[in-house]
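In what follows, a structure is listed as structure tokens, so that the remarks can point back to it.
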Amino acid sequence: MTPCGTTRFGRRVAGGRSRARRCSPGCRRGRSRSQRRRRKWSEAVRSGQQPRGNEQAMQGPRLLLGSARRWILGSAEAALWGLKSMKGNCNEFCTTVFKGVTYKELKNLLKSKKVMLIDVREPWEILEYGKIPGSVNIPLDEVGEALQMNSKDFREKYNEVKPAKFDSLVFSCLAGVRSKKALDTAISLGFNSAQHYAGGWKEWATYEYSDKKKEN
């Protein structure tokens with residue numbers, strides 16, 4: 001059947017041949033759906049109206065563009081917040097990472113007597129293995145509390161003058177792990193001049209033994 005409802009081939013004529021019927025040029029049924037849609041579009045454009053089908057078709061891309069825009073803006077805002085957070089914490093982070101002293105630097109500081117060396121090991125470790133001369137023993141668990149004591153209580157407990165926040169502090173332990181934690185605590189309490197000796201007692205003892213051996 002043709003769109004007009006007639007058979008594809010018409011009645012037979014003389015000679016046994018059939019005459020094909022064709023739809024007239026103005027017949028709507030003879031057009032395909034896409035042809036009718038294009039004609040409606042052309043008429044709407046000529047009349048200056050927004051085609052209804054086009055408006056519906058554009059809703060999907062608009063929604064996608066809106067979602068993409070919101071996602072991009074949200075990602076940019078999160079990245080900006082991260083940069084601000086990093087900038088705000090940079091001083092503390094950089095100070096904690098890079099404030100370390102070497103064996104020679106620590107030895108010179110101790111000679112100048114312009115530094116307070118705090119050994120954060122346990123008392124039994126110091127009794128068994130020894131300590132760096134001139135150091136004060138404040139176990140790691142007591143560092144935070146000790147640095148917040150008043151001067152009188154600090155002197156009574158540790159027999160030393162309590163350091164001010166602008167004084168030079170160096171923390172040490174056996175091999176640098178606990179002294180790093182003590183440094184973080186001191187930095188958080190405002191002791192921005194604090195440092196730590198990463199080599200610890202192990203490195204100090206090795207260098208001291210080597211130097212004494214050379215002297216002999």
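Along the sequence shown, residues carry numbers from 1. Values below: every heavy atom of this structure, side chains too, minus hydrogens, waters and symmetry copies.
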When you compare the side chain of [Y] with that of [X], does any pair of heavy atoms fall below 4.5 Å?
X	Y	answer
Trp204	Tyr209	no
Val161	Arg155	yes
Lys107	Leu110	no
Trp201	Thr206	no
Arg121	Lys131	yes
Glu208	Tyr103	yes
Met116	Val136	yes
Leu174	Lys202	yes

I'd like to know if [Y] and [X] are part of one continuous hydrophobic network [Ile/Leu/Val/Met/Phe/Trp/Tyr, side-chain heavy atoms within less than 4.5 Å].
X	Y	value
Val177	Leu183	no
Leu109	Tyr197	yes
Phe191	Val120	yes
Leu117	Leu189	no
Ile132	Ile126	no

Atom pair [atom1] ([X]) and [atom2] ([Y]), whose distance is rounded to the nearest 0.5 Å:
X	Y	atom1	atom2	answer
Ser179	Leu140	OG	CG	9.0 Å
Thr185	Gln148	OG1	CD	9.5 Å
Phe171	Asp184	CZ	CG	10.0 Å
Ile118	Leu147	CD1	CG	6.0 Å
Leu106	Lys111	CG	NZ	11.5 Å

Please check if the number of heavy atoms outside [X] that lie under 6.0 Å from its [atom1] is greater than 12.
X	atom1	result
Asn159	CG	no
Tyr158	OH	yes
Lys181	NZ	no
Glu105	CD	yes

| request: Begin with the C-alpha distance, continue with both residues' side-chain angles, and end with the deciding distance and a verdict on salt bridge (Lys or Arg N to Asp or Glu O under 4.0 Å) for Glu125 and Arg178. | output: CA-CA 13 Å; Glu125 294 180 82; Arg178 285 173 287 180; 2.8 Å; yes
| query | So, for Glu122 and Pro139, which heavy atoms are closest and what is the spacing to 0.1 Å? | reply | OE2-CB, 4.1 Å
| task | List the atom of Asp167, the atom of Ala164, and the distance in Å for their closest heavy-atom pair. | result | OD2-N, 2.7 Å
| field | Donor-acceptor contact below 3.5 Å, side chain Asp119 vs main chain Asn137 | value | no
| message | Any carboxylate oxygen within less than 4.0 angstrom of a Lys/Arg side-chain nitrogen, looking at Asp153 and Lys157? | response | no
